[in-house]
Amino acid sequence: AQSVTQPDARVTVSEGASLQLRCKYSYSGTPYLFWYVQYPRQGLQLLLKYYSGDPVVQGVNGFEAEFSKSNSSFHLRKASVHWSDSAVYFCVLRTGANTGKLTFGHGTILRVHP
Amino acid sequence: EAAVTQSPRNKVTVTGGNVTLSCRQTNSHNYMYWYRQDTGHGLRLIHYSYGAGNLQIGDVPDGYKATRTTQEDFFLLLELASPSQTSLYFCASSDYQTQDTQYFGPGTRLLVL
């Protein structure tokens, strides 16, 4: 069965510091992977997605993620965080070929100290 | 950008009560979804739909019914609400061509006493 694991429930960093949020997936098929972000009191928004090709994909607001097939990982990174990046970040795996079905990780709460 | 609205935004009911959550999207997306979000579980798919009149069972369907009356409207029904259904409910929609990009509504917070 497919699954997504985000091992860090909470991450706290200072503004201007670099960031990595970890994600591991388990899926026997071809993984299509995403990061969604949920700002306080809002719905989720797509941050970036990976289908194939270059393992490093760029997203909005300076975020990027790197896919590793050998490690079954899709970690999210940002070089310098801003206090407005404080949010919940979800790593997501598509598991339905033509259904749009997504499997979500439990999310990582990011807090950025100003 | 697609717009997805949900109503009500907050709802309190009692055990055994009847609740209907509404979702409307205004971009004529084919796919619509209902999720629940609980601490420690992330988002879990309850039901989804490919179009008007279509309904597909998600990963946590027990205790929930859904109905897609039009391309725009998708309803989630709790006919005998239980405290375990206290949660934050999100509706989302996506287009067939870009189905991985789901557009989420602002959520409905449901409390079952």
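The shown structure was predicted, so the numbers you read here are calculated from the model rather than taken from an experiment. The chains referred to below are lettered A, B, ... by the order of the sequence lines, with proteins before strands, and numbering in each begins at 1.
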Do [X] and [Y] sit in the same hydrophobic cluster, where Ile, Leu, Val, Met, Phe, Trp and Tyr count as joined when their side-chain heavy atoms come under 4.5 Å apart?
{"X": "B/Trp34", "Y": "B/Leu55", "answer": "yes"}
{"X": "B/Phe74", "Y": "B/Tyr50", "answer": "no"}
{"X": "B/Phe75", "Y": "B/Tyr89", "answer": "no"}
{"X": "B/Leu110", "Y": "B/Tyr35", "answer": "no"}

Please check if atom [atom1] in [X] has more than 12 non-hydrogen atoms from other residues, nucleotides or ligands closer than 6.0 Å.
{"X": "B/Arg109", "atom1": "CZ", "value": "no"}
{"X": "A/Arg77", "atom1": "CZ", "value": "yes"}
{"X": "B/Leu88", "atom1": "CG", "value": "yes"}

field: Portion of A/Gln6 that has a non-hydrogen atom of chain B nearer than 4.5 angstrom
entry: neither

Distance in Å, [X] [atom1] paired with [Y] [atom2], rounded so as to fall on 0.5 Å steps:
{"X": "A/Phe34", "Y": "B/Thr101", "atom1": "CZ", "atom2": "OG1", "value": "7.0 Å"}
{"X": "B/Leu43", "Y": "A/Leu44", "atom1": "CG", "atom2": "CG", "value": "5.5 Å"}
{"X": "B/Asp59", "Y": "A/Thr103", "atom1": "CG", "atom2": "OG1", "value": "6.0 Å"}
{"X": "A/Gln38", "Y": "B/Gln37", "atom1": "CD", "atom2": "CD", "value": "4.5 Å"}

- prompt: Less than 4.5 Å apart, any side-chain heavy atom of A/Gln45 and any of B/Phe104?
  reply: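 No - every pair of side-chain heavy atoms lies 4.5 Å or more apart.
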
- request: Go through the steps for B/Tyr48 and A/Lys101 under the test side chain to side chain contact (heavy atoms under 4.5 Å, CB included), then give the verdict.
  value: CA-CA 9 Å; B/Tyr48 61 107; A/Lys101 281 191 67 177; 3.3 Å; yes

- prompt: How are the rings of A/His106 and B/His41 set to each other: parallel, tilted or perpendicular (split at 30° and 60°)?
  reply: tilted

- request: Begin with the C-alpha distance, continue with both residues' side-chain angles, and end with the deciding distance and a verdict on side chain to side chain contact (heavy atoms under 4.5 Å, CB included) for A/Leu102 and B/Gln102.
  value: CA-CA 10 Å; A/Leu102 304 176; B/Gln102 295 189 11; 3.3 Å; yes

